[in-house]
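Throughout, a chain's letter reflects where its sequence line sits, starting with A, and its residues are numbered from 1. For the numbers below, each heavy atom of this structure counts, side chains included, while hydrogens, waters and symmetry mates do not.
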2 protein chains.
Amino acid sequence: MTVEAESLTATFTALADPTRRAILARLTRGEATVGQLAEPFDVSLPAISKHVKVLQKAGLIEQTRRAQWRSCRLRPEPLRDVVTWMEQYRDFLGDSLDRLDQYLADLQKGDRP
Amino acid sequence: MTVEAESLTATFTALADPTRRAILARLTRGEATVGQLAEPFDVSLPAISKHVKVLQKAGLIEQTRRAQWRSCRLRPEPLRDVVTWMEQYRDFLGDSLDRLDQYLADLQKGDRP
DNA sequence: TTTGTACTTTCCTGTGTAGTTAATTAACCG
DNA sequence: CGGTTAATTAACTACACAGGAAAGTACAAA
């Protein structure tokens, strides 16, 4: 398997869990510690810690240590890789996806926010 | 979990396997029987049959029976749901993703190819 | 009606993963 | 230092899943 394919596997595996998707959604509202991430869920802290690890391995989040807190932050690359992967279904999903094409072209030009 | 979230879980689970992603990619080049799908892979037919079943449950493919052959065809909805889910990361992935917004708006209007 | 073709299902094995509690590490604070 | 807080690691259970071999199903053709 190619490198990209392996990372896609890790990304989709990470996204396949509802708790992990909820963690990602939470992180769009800003950084959070593992404890803060765990709060809304009815599972133990170790369980969340493991989810965070899976997300980290997939490159979807980045953890920085500040004192005894681990602050988690979203990383965009794997989601962009998913968009890139979806590219091959452009014709299939419809011509409107050409707009996604344009988006990807902009990305390649380094046209970032 | 909501219905959409459950179907997203099934979709991402299906996409998390490289063999299944390869099967989907093959199907962009047209319909194929299970036997034809199995050909490029170094695994048994029952293994492929099970992969097909997972893809089917996720709604990513549709099987129609013709004599003793099962012809498989791609279904677009789950991939569109993934695009919709990615929507929430628009700000995060960059303003260029506004174009994806437009694509989704078109979809809602029933503006299909 | 037997034989062959195209799968699918069943049963089994090994491996991965989600969850738990309890123990451990790491850093800060009095 | 000792205690507290934040999070990870360890050890375990339960279950899902990828794979194979072998048996079963469904249709076609001789």
When rounded to whole Å, the CZ to C1' distance for the pair B:R70 and D:dA28 reads 14 Å
Sequence neighbours excluded - salt bridge (Lys or Arg N to Asp or Glu O under 4.0 Å) pairs with any residue from residues 51-67 of chain A: A:E31-A:R66, A:E62-A:R73, A:E62-A:R75
Go nucleotide by nucleotide along DNA chain C from the 5' end; which of A:I48 and B:T33 gets its closest nucleotide reached first? B:T33
Between the protein and nucleotides 20-23 of chain D, which nitrogen or oxygen pairs come in under 3.5 angstrom?
from	atom 1	to	atom 2	distance (Å)
D:dG20	OP2	B:S44	N	3.0
D:dG20	OP2	B:S44	OG	2.7
D:dG20	O6	B:K50	NZ	2.4

NA contact type, B:Q36, heavy-atom cut-off 4.0 Å: base, sugar-phosphate, or nothing? nothing
Using every non-hydrogen atom in the two residues, find where A:M86 and B:V83 come nearest and quote the distance to one decimal. CE-CG2, 2.9 Å
B:Q63 atom CD is separated from D:dA26 atom C1', nearest whole Å, by 14 Å
A:T19 and A:I48, any side-chain heavy atoms less than 4.5 Å apart: yes
Take B:Q68 and B:T13, find for each the nucleotide of DNA chain D with the closest heavy atom, and name the residue whose nucleotide sits nearer the 5' end. B:T13
For A:F12 and B:L15, work out which heavy atoms get closest and say how close. CD1-O, 3.3 Å
Decide if atom CD of B:Q88 counts as having more than 12 heavy atoms of other residues, nucleotides or ligands within a radius under 6.0 Å. yes
Would a 4.5 Å heavy-atom cut-off, applied to side chains only, mark B:I61 and B:L24 as touching? yes
Please state how far atom CH2 in B:W69 lies from atom P in D:dC27, giving the value in whole angstrom units. 13 Å
Students should find this one: the first and last nucleotides of DNA chain C, 5' to 3', lying under 4.0 Å from a heavy atom of chain B. What are they? C:dG4 to C:dC11
Taking atom types as modelled and ignoring hydrogens, do the side chains of B:R21 and A:T9 form a donor-acceptor contact shorter than 3.5 angstrom? yes
Taking the side chain as every heavy atom from C-beta outward, state whether A:D81 and A:T11 have any pair of such atoms under 4.5 Å apart. no
At 4.0 Å (heavy atoms only), tell me whether A:R66 reaches a base, stays on the sugar-phosphate, or touches nothing. nothing
Passing option when A:C72 is tested against A:R26, A:Q63, A:Q36, A:Q56 for side chain to side chain contact (heavy atoms under 4.5 Å, CB included): A:Q63
Hey, which sits more toward the 5' end of DNA chain C by its nearest nucleotide, A:R65 or A:D17? A:D17
